[in-house]
Amino acid sequence: LIRRNWQYEVPLYMTVVFDWILFFIAMDIFANWEWNSTTFLQGAGFLIVYSNFNSAQFAVAHEIMHKPGVRRIIGKK
């Protein structure tokens, strides 16, 4: 798996792009959110789901750092 295989790289890069898109969508939602007693549980649920998704991104970032092309981009040999 150390070789450059696009079957492994493309899903990882797509996940990173999707994560950034979701980040800006989530920030827009929270910036315009009206917190009151009826929307508190909805906001808490959204925050739990979003934080769980971002905690899974740690594994994706870890795998990307093992790819040879990415290591050249960030300056490691």
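Only this structure's heavy atoms are used, side chains among them; waters, hydrogens and symmetry mates stay out. All of these numbers come straight from a predicted model, not from anything done at the bench.
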Can you name the nearest heavy-atom pair linking Gly43 to Phe30, along with the distance?
-> O-CZ, 4.1 Å
Residue Phe40 excluded, over 12 heavy atoms near CZ under 6.0 Å | no
How are the rings of Phe23 and Trp20 set to each other: parallel, tilted or perpendicular (split at 30° and 60°)?
-> perpendicular
Drop me the distance from Ile29's CD1 to Gln42's CD, to the nearest 0.5 angstrom.
-> 11.5 Å
Single-linkage hydrophobic cluster, 4.5 Å side-chain cutoff, Ile48 and Trp35 together | no
When rounded to the nearest 0.5 angstrom, what distance separates OG in Ser55 from OH in Tyr50?
-> 11.5 Å
Does the ring centre of Phe18 sit less than 6.0 Å away from the ring centre of Phe53?
-> yes
Does Thr39 reach the main-chain N or O of Trp33 with its side chain, forming a donor-acceptor pair under 3.5 Å?
-> no
Check whether any side-chain N or O of Asn32 sits under 3.5 Å from a backbone N or O of Asp28 as a donor-acceptor pair, and report yes or no.
-> yes
Single-linkage hydrophobic cluster, 4.5 Å side-chain cutoff, Leu41 and Val49 together = no
